[in-house]
A.B. asks: 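Once you've had a glance at the structure underneath, I'll fire off some questions.
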Amino acid sequence: NIAFFRISGIRFASRQIPHGGVLKSSLLSDDAEKADLVKQCENRVLQLNPRQLCDTELLINGGFSPLEGFMNQAEYSSVVNDMRLPSGQLFGLPVVLDSDGSQKEGQKWLLKQGDLPIAVLDVESRWRPDKARECKLCYNFTTIEHPGVRMVAMERSSFYLGGKLTGLNLPKWIFPCKTPADVRAGLPSSDVVAFQCRNPIHRAHYELFTRALDAQNVGKDSVVLVHPTVGPTQEDDIPGLVRYRTYEVLKEEVNNSRVKWEYLPYSMHMAGPREAIQHMIIRKNYGCTHFIIGRDMAGCKSSLDGEDFYGAYDAQDFAKLHAPELGMQTVPSLDLVYTQEEGYIAAQKAKELSLKPLKLSGTEFRRRLRAGEGIPEWFAFKSVVEVLREHQE
């Protein structure tokens, strides 16, 4: 069945309708209209950092539909407390613009990336948030051992701003980030299975998302959309440019017509279950019908003792619970292992056949990268390893 949605008054065919029914893109195309709006800001300018740029882009290109701007105080409180907008629609995490508080309600502010004007914000709300409450309800923790809590507590300024955005230009990145409408235009009318990642893709990942096409709830002629986040993540994650290069060389190496590759300007929160909901909403807006939920998705470890903050299946269970309401289907990730005799097979199958899985820990993989030692091709693609080694130099 083909559904229809609207963006800027134009009707488009799509397999999946956006969250809320309408793709909320506010990007202007008329230069005179842009100039008039900038003039109304009366030289009030706010420079955006990388995290803020990611949020702004997804707000003005429709990725965060049904939002039309940064959440106002009422929307923020509703999402923090109930994981829902005041309209009742699900929304995983608050999307707000932090500031020093110098802005006033009723003002227009020009948001910029260096010299490039990105959007105009109509300030509807300005408030000092209860960050401890936000972290407890959204991340389930308040300790700064958690990277998401640390970001809210130590990176964000004391005040939050909310209000409608009007887009002027998309941010400039060193990697291409298509709008939801543009990504949808390149997708088939069959099922589209989204694979979210924030790290380089290794063999097990590839086996996981290609085998997802054979899941019982995925139709024939379906495709996988590999849609990695290339915005800020944890402090010790591989930089976005390096990650982007690993995806590009892998795309050429596998050359699989059933695998589509696009990039998402999203800033990770490491919020576990709640962030799984956020990712599903975003991928729905980009035209996906299914979403692969990996073990400990969007999870993280304590910066002190290395213990996991979330259970291995917390995000999977939470996503399954809310998927029907979102109009999405989940595809749980297979627990795959590599064996010398059978290659990649399900861990349970290997156990039944009394086969011993081969293992290589992440710590050992990184050690071999640094030392220039061999890395088995059953674990990592040669092209990806070469890019990562260049980054180590």
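Being a predicted model, the structure only gives us computed values, none of them experimental. Numbering starts at 1 and runs along the sequence shown. Values below: all heavy atoms of this structure, side chains included; hydrogens, waters and symmetry mates excluded.
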A.B. asks: Would you check if the side chain of K178 reaches a backbone N or O of E262 as a donor-acceptor pair within less than 3.5 Å?
C.D. replies: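 Flag not set: sc K178 to bb E262 has no pair under 3.5 Å.
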
A.B. asks: Can you spot which of H227, E275, R198, H279 makes a side-chain hydrogen bond (donor to acceptor under 3.5 Å, both in side chains) with Y266?
C.D. replies: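 In the set H227, E275, R198, H279, the residue that makes a side-chain hydrogen bond (donor to acceptor under 3.5 Å, both in side chains) with Y266 is E275.
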
A.B. asks: Is there a side-chain contact between I201 and V384, using heavy atoms and a 4.5 Å cut-off?
C.D. replies: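 Heavy-atom side-chain distance check fails, nothing below 4.5 Å.
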
A.B. asks: Under 3.5 Å, which donor-acceptor pairs link side chains of residues 286-293 to any protein atom two or more places apart or in another chain?
C.D. replies:
| from | atom 1 | to | atom 2 | distance (Å) |
| --- | --- | --- | --- | --- |
| T289 | OG1 | V192 | N | 3.0 |
| T289 | OG1 | V192 | O | 3.2 |
| H290 | NE2 | N217 | O | 2.7 |

A.B. asks: Counting distance only, does the side-chain N/O of R150 pair as donor-acceptor with the main-chain N or O of I144 below 3.5 Å?
C.D. replies: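 Yes: the side chain of R150 pairs with the backbone of I144.
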
A.B. asks: Group every Ile, Leu, Val, Met, Phe, Trp and Tyr by side-chain heavy-atom contacts under 4.5 Å, then state whether V385 and L241 land in the same group.
C.D. replies: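 In one cluster with V385: L241, yes.
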
A.B. asks: Any sub-3.5 Å donor-acceptor pair from D191's side-chain atoms to G219's backbone N or O?
C.D. replies: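 Answer holds: yes.
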
A.B. asks: Do F159 and L121 land in one hydrophobic cluster if side-chain heavy atoms of ILVMFWY residues count as linked below 4.5 Å?
C.D. replies: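 No, no single cluster joins them.
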
A.B. asks: Would you say the ring centers of H322 and F318 fall short of 6.0 Å from each other?
C.D. replies: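 Yes; F318 has its ring centre under 6.0 Å from that of H322.
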
A.B. asks: How close do L37 and L168 get, heavy atom to heavy atom, and via which atoms?
C.D. replies: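 The answer is CD2-CD2, 4.4 Å.
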
A.B. asks: Could you tell me whether K251 and E248 have a side-chain N and a carboxylate O separated by less than 4.0 Å?
C.D. replies: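 Here K251 pairs with E248 in a salt bridge, since their nearest N and O are under 4.0 Å apart.
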
A.B. asks: Going by side chain to side chain contact (heavy atoms under 4.5 Å, CB included), F195 matches just one of V224, V259, L225, V331. Which one?
C.D. replies: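 Result for side chain to side chain contact (heavy atoms under 4.5 Å, CB included) with F195: V224.
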
A.B. asks: Are a donor atom and an acceptor atom from the side chains of S222 and R258 found within less than 3.5 Å of each other?
C.D. replies: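 Looking only at side-chain atoms, R258 and S222 do form a donor-acceptor pair, the distance falling under 3.5 Å.
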
A.B. asks: Could you report the tightest heavy-atom contact between E134 and V80, atom names first, then the distance?
C.D. replies: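 Scanning both residues, the minimum pair turns out to be CA-CG1, 4.0 Å.
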
A.B. asks: Above 12 or not: heavy atoms from other molecules or residues under 6.0 Å from CG of N43?
C.D. replies: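 Result for CG/N43: open.
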
A.B. asks: Considering only residues two or more places apart or on different chains, which pairs with a residue in residues 338-365 satisfy side chain to side chain donor-acceptor pair (under 3.5 Å)?
C.D. replies: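 Found E364-R367, E364-R368.
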
A.B. asks: Just how far is it from atom CG of L170 to atom CD of Q113, taken to the nearest 0.5 Å?
C.D. replies: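 Taking CG in L170 and CD in Q113, the distance rounds to 10.0 Å.
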
A.B. asks: Examine R274 relative to Y139 and say whether NZ or CZ is less than 6.0 Å from the centre of the six-membered ring and inside a 45° cone about the ring axis.
C.D. replies: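 No - R274 does not lie over the ring of Y139 by the 6.0 Å and 45° rule.
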
A.B. asks: Under 6.0 Å between ring centres, would you say that holds for W173 and Y244?
C.D. replies: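 Ring centres of Y244 and W173 not closer than 6.0 Å.
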
A.B. asks: Determine yes or no for a side-chain-to-main-chain donor-acceptor pair under 3.5 angstrom, with K172 supplying the side chain and L116 the backbone.
C.D. replies: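 Judged by distance alone, no pair lies under 3.5 Å.
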
A.B. asks: Taking all heavy atoms of S333 and all of L208, pick out the closest pair and write down the distance.
C.D. replies: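 That would be CB-CD1, 3.3 Å.
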
A.B. asks: I'd like to know whether NZ of K164 has more than 12 heavy-atom contacts from other residues, nucleotides or ligands below 6.0 angstrom.
C.D. replies: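 No, the 6.0 Å shell around NZ holds no more than 12 heavy atoms from other groups.
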
A.B. asks: Does the separation of the ring centres of Y247 and F175 fall below 6.0 angstrom?
C.D. replies: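 Ring-ring flag for Y247/F175: false, centres at least 6.0 Å apart.
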
A.B. asks: Please check if any side-chain donor atom of S125 sits under 3.5 Å from a side-chain acceptor atom of Q73, or the reverse.
C.D. replies: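 Not at all, the side chains of S125 and Q73 share no donor-acceptor pair under 3.5 Å.
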
A.B. asks: Apply side-chain contact (heavy atoms from CB on, under 4.5 Å) to F91 and E75, showing your working.
C.D. replies: CA-CA 10 Å; F91 216 91; E75 293 168 329; over 6 Å; no

A.B. asks: Which heavy atom of G162 sits nearest to which heavy atom of W127, and what is that distance?
C.D. replies: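 G162 and W127 have their closest heavy atoms at N-CZ3, 3.9 Å.
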
